[in-house]
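Working notes, beginning with the structure itself.
Keep in mind that the numbers below use all heavy atoms, side chains included, and drop hydrogens, waters and symmetry copies. The structure presented is a predicted model; accordingly, all values stated were derived computationally and were not measured.
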Amino acid sequence: MSKHIWGDLLTEKGCLIVPRDLRLKRKELGLNNQEYILLLDYLDHFKHGEVENLYQTLAELNSISRRQYKRDLVLLKRRGFFAVKYRPIRTAE
């Protein structure tokens, strides 16, 4: 890897290391690209947890609605990728 291009990005504190098997076997695991990215973003949140509104932040990051993001997480949970514990989304009144 070229340090000129990547700088310290790959060695910086705050980096999420993705298991090679997850990356290489995502098709065997039944993960499409969108699900794979959602899973990585969710894992990154729990490693670094710097946002207050998880669903809003990650939905915006992935250009989908909060409702769709929650649906996708529930589907990943049902498929056994992780346990999801969440609070209902409160909207401004």
Side-chain angles (χ1 to χ4, degrees):
M1 292 275 174
S2 172
K3 189 165 181 141
H4 172 72
I5 295 171
W6 292 95
D8 293 324
L9 182 65
L10 299 177
T11 58
E12 278 183 13
K13 187 176 184 177
C15 185
L16 177 68
I17 297 173
V18 178
R20 188 168 193 259
D21 281 347
L22 175 60
R23 189 176 58 79
L24 295 176
K25 296 181 180 181
R26 64 183 178 241
K27 185 175 181 178
E28 290 175 39
L29 293 168
L31 290 170
N32 64 35
N33 288 337
Q34 179 67 26
E35 293 167 331
Y36 178 69
I37 296 300
L38 291 174
L39 182 60
L40 293 180
D41 288 342
Y42 192 78
L43 293 172
D44 184 63
H45 165 74
F46 277 96
K47 181 171 182 189
H48 302 290
E50 299 170 355
V51 297
E52 289 183 27
N53 190 333
L54 168 67
Y55 300 108
Q56 182 66 36
T57 301
L58 296 181
E60 288 174 3
L61 181 66
N62 289 284
S63 301
I64 58 177
S65 70
R66 289 181 295 169
R67 180 172 283 184
Q68 182 62 49
Y69 188 81
K70 281 180 63 176
R71 261 186 261 153
D72 292 345
L73 286 179
V74 168
L75 290 174
L76 288 171
K77 176 188 175 189
R78 287 183 186 153
R79 290 167 50 200
F81 286 100
F82 54 86
V84 178
K85 293 183 180 179
Y86 59 87
R87 293 169 288 199
I89 294 174
R90 294 185 184 173
T91 56
E93 296 177 41

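Residues forming a side-chain contact (heavy atoms from CB on, under 4.5 Å) with Arg71 (at least two apart in sequence, or on another chain): Arg67, Gln68. Partners of Ile37 according to the side-chain contact (heavy atoms from CB on, under 4.5 Å) rule, which considers only residues two or more places apart in sequence or in another chain, are Asp41, Asn62. In terms of the side-chain contact (heavy atoms from CB on, under 4.5 Å) criterion, residue partners of Asp21 (sequence neighbours excluded) are, by chain and number, Lys25.
Of the options Leu76, Leu54, Asp72, a side chain to side chain contact (heavy atoms under 4.5 Å, CB included) to Tyr42 is made by Leu54 and by none of the others.
Going from atom NZ of Lys70 over to atom OH of Tyr55 covers 6.0 Å, rounded to the nearest 0.5 Å. The distance from atom CZ of Phe81 to atom CG of Leu22, rounded to the nearest 0.5 Å, is 8.0 Å. Atom CG in Leu39 sits 9.0 Å away from atom CG in Leu73 (nearest 0.5 Å). Atom-to-atom distance recorded for Ser65:OG and Glu60:CD is 11.0 Å, nearest 0.5 angstrom. Distance check: Leu40 CG to Arg23 CZ gives 11.0 Å after rounding to the nearest 0.5 Å.
For residues 26-37, every residue pair satisfying the side-chain hydrogen bond (donor to acceptor under 3.5 Å, both in side chains) rule, not counting sequence neighbours, is listed here: Glu35-Arg79.
Ile64 is not listed as a side-chain neighbour of Leu58, based on a closest heavy-atom distance of 4.5 Å or more.
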